[in-house]
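Take a look at the structure set out below.
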Amino acid sequence: MRIFDPHIHMTSRTTDDYERMAAAGVRALVEPAFWLGQPRTNAGSFTDYFDALIGWEPFRAAQFGIRHHCTIGLNPKEANDPRCREVLGLLPRYLAKDGVVAVGELGYDSMTPEEDEVFAAQLAMAVAHELPALVHTPHRDKQRGTLRTLDVVKESGIAPGMVVVDHLNEVTVGSVAGSGCWMGFSIYPGTKMSPDRMAAVLREYGPERMLVNSAADWGRSDPLLTLATGQAMLAAGFTDDEVDRVLWRNPVEFYGQSGRLDLSPTDGQDAAFAGNSLARGGN
């Protein structure tokens, strides 16, 4: 089983996680820029963070045979902090970098006017840079936030196929399914989706335009829940090809629209996968 995790925050994880992920078949990932948990008070802290996403983390991942890509953006929560607004002026410099495969995470946290403004500005940047957009839907009032997200996407003029609306669930997926946007699901203990629930959604809606991620970060999370979802799919009667489509080919297709995906073997790949039974079972 080969796995591309399209949304995971490795800045918050240890090298042991990289090692476990490689052993489980994870060969590539995308790390979206996000809120680190502690409020940032100036644009300089974002610069240091973005530099780590395009430099340090790809190096760390490559040691375990994993290709690391990232998305760059001002996250919805900090879009409300006037001290962070200067970050919008920094984004174009980073959106031109190799390894940056989308703008994000952008979207909504509390659905404030400030979030509306920053969301629209970053969608315009995605259009200007011909990059996909990774959209975060709010944790509260999720259905209203998802519908509002779709309205803003439509107003922006970005092609729906260049947008993934993430953190969906059984309540919100139906609204996105007919929009032309991609549908993202975070398999995250306690607060989002479980592997079995995800398999049921896939049974109802099919594997087209579906992205499954672990969203592992500094909270209680598990970077191997992509593997667990693949196993739940097989137990539910999905074929190996359907699992490969959801866990590998779909994220490759979506982020491949950036023209910047690099899925060639890393120097550490042979060592990372040699002798591992899970890796030997993949393609």
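We number each residue from 1, following the sequence as shown.
In this model, a donor atom of one side chain and an acceptor atom of the other lie less than 3.5 Å apart for Thr112 and Asn80. With hydrogens and angles left out, the side-chain atoms of Thr172 and Lys142 include no donor and acceptor closer than 3.5 Å. For the residue pair Thr239/Asp241, the side-chain donor-acceptor check at 3.5 Å is not satisfied. Side chains of Tyr18 and Glu57: a donor-acceptor N/O pair is present below 3.5 angstrom, by distance only.
With sequence neighbours excluded, no residue forms a side chain to side chain donor-acceptor pair (under 3.5 Å) with Arg203. When the side chain to side chain donor-acceptor pair (under 3.5 Å) test is applied to Glu19, no partner is found at least two apart in sequence or on another chain. The side chain to side chain donor-acceptor pair (under 3.5 Å) test applied to Gln257 returns no partner, not counting sequence neighbours. Every residue meeting the ring-ring contact (aromatic ring centres under 6.0 Å, His included) condition with His136, not counting sequence neighbours, appears here in chain and number order: His139, His167. With sequence neighbours excluded, no residue satisfies side chain to side chain donor-acceptor pair (under 3.5 Å) with Thr71. For the ring-ring contact (aromatic ring centres under 6.0 Å, His included) test, residues two or more places apart in sequence or in another chain that qualify with Phe59 are Trp56.
Using a 4.5 Å heavy-atom cutoff, the side chains of Val212 and Met193 are not in contact. Contact check for Ile187 versus Pro195: side-chain heavy atoms found under the 4.5 Å cut-off. Side chains of Met1 and Leu227 form a contact here, defined as non-hydrogen atoms less than 4.5 Å apart. In this structure, Leu88 and Leu91 have side chains that are in contact, with non-hydrogen atoms separated by less than 4.5 Å. Phe4 is listed as a side-chain neighbour of Leu261, based on a closest heavy-atom distance under 4.5 Å. The closest side-chain heavy-atom distance from Val135 to Val163 is below 4.5 Å. Side-chain contact between Leu134 and His7 is present, with heavy atoms from C-beta onward closer than 4.5 Å. Contact check for Arg27 versus Leu263: no side-chain heavy atoms found under the 4.5 Å cut-off.
For residues 102-128, the pairs satisfying ring-ring contact (aromatic ring centres under 6.0 Å, His included) are Tyr108-Phe119, with sequence neighbours left out. Within the structure, side-chain hydrogen bond (donor to acceptor under 3.5 Å, both in side chains) contacts touching residues 29-42 (residues at least two apart or in different chains) are Thr11-Glu31, Glu31-His68, Arg40-Glu78. Residue pairs that meet the ring-ring contact (aromatic ring centres under 6.0 Å, His included) test with at least one member in residues 171-204, sequence neighbours left out, are Trp182-Phe254. The stretch residues 145-165 participates, sequence neighbours left out, in no ring-ring contact (aromatic ring centres under 6.0 Å, His included) pair at all. Within the structure, salt bridge (Lys or Arg N to Asp or Glu O under 4.0 Å) contacts touching residues 42-51 (residues at least two apart or in different chains) do not occur.
Salt bridge annotation for Glu242-Arg249: absent, with no cationic side-chain nitrogen under 4.0 angstrom from a carboxylate oxygen.
The main-chain N or O of Pro32 is found under 3.5 Å from a side-chain atom of His9 such that the two form a donor-acceptor pair. Here the side chain of Arg13 pairs a donor or acceptor atom with the backbone of Asp217 at under 3.5 angstrom. Side chain of Asp109 to backbone of Pro76: no donor-acceptor contact under 3.5 angstrom is found. A donor-acceptor pair under 3.5 Å links the side-chain atoms of Arg260 to the main chain of Val100, judged by distance alone.
Transitive grouping of hydrophobic side chains (ILVMFWY, heavy atoms separated by less than 4.5 Å) keeps Ile54 and Leu90 in distinct clusters. Taking hydrophobic clusters as Ile, Leu, Val, Met, Phe, Trp and Tyr residues chained together by side-chain heavy-atom distances below 4.5 Å, Val252 shares a cluster with Val101.
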Exercise. Yes or no on salt bridge (charged side-chain N to carboxylate O under 4.0 Å, His left out) for Lys154 and Asp151, after CA distance, side-chain angles and deciding distance?
Worked result: CA-CA 5 Å; Lys154 186 175 182 179; Asp151 287 341; over 6 Å; no
Problem set entry | Met233/Met198 under side-chain contact (heavy atoms from CB on, under 4.5 Å): CA gap, chis, key distance, verdict | CA-CA 8 Å; Met233 289 178 65; Met198 188 67 237; over 6 Å; no
For this session: Could you walk me through whether Arg140 and Ser110 pass side-chain contact (heavy atoms from CB on, under 4.5 Å), step by step?
Result: CA-CA 8 Å; Arg140 302 169 298 279; Ser110 301; 3.1 Å; yes
Problem set entry | CA sep, side-chain torsions, deciding dist, call: Val87, Tyr49, side-chain contact (heavy atoms from CB on, under 4.5 Å) | CA-CA 12 Å; Val87 174; Tyr49 173 52; over 6 Å; no
Exercise. Where do Asn213 and Ser186 land on the side-chain hydrogen bond (donor to acceptor under 3.5 Å, both in side chains) test, with the steps shown first?
Worked result: CA-CA 5 Å; Asn213 64 73; Ser186 299; 2.8 Å; yes
Problem set entry | Residue pair Asp262, Ser264: steps toward the side-chain hydrogen bond (donor to acceptor under 3.5 Å, both in side chains) verdict | CA-CA 6 Å; Asp262 180 3; Ser264 61; 2.6 Å; yes
For this session: May I have the step-by-step check of side-chain contact (heavy atoms from CB on, under 4.5 Å) for Val30 and Cys70, ending in yes or no?
Result: CA-CA 5 Å; Val30 169; Cys70 69; 5.6 Å; no
For this session: Begin from the C-alpha positions of Arg209 and Glu253 and carry the test salt bridge (charged side-chain N to carboxylate O under 4.0 Å, His left out) through to its verdict.
Result: CA-CA 9 Å; Arg209 291 184 290 116; Glu253 180 180 347; over 6 Å; no
For residues 120-133, please give each side-chain donor-acceptor pair under 3.5 Å, one per line with the distance, not counting sequence neighbours.
from	atom 1	to	atom 2	distance (Å)
Gln122	OE1	Leu74	N	2.8
Gln122	NE2	Leu74	O	3.0

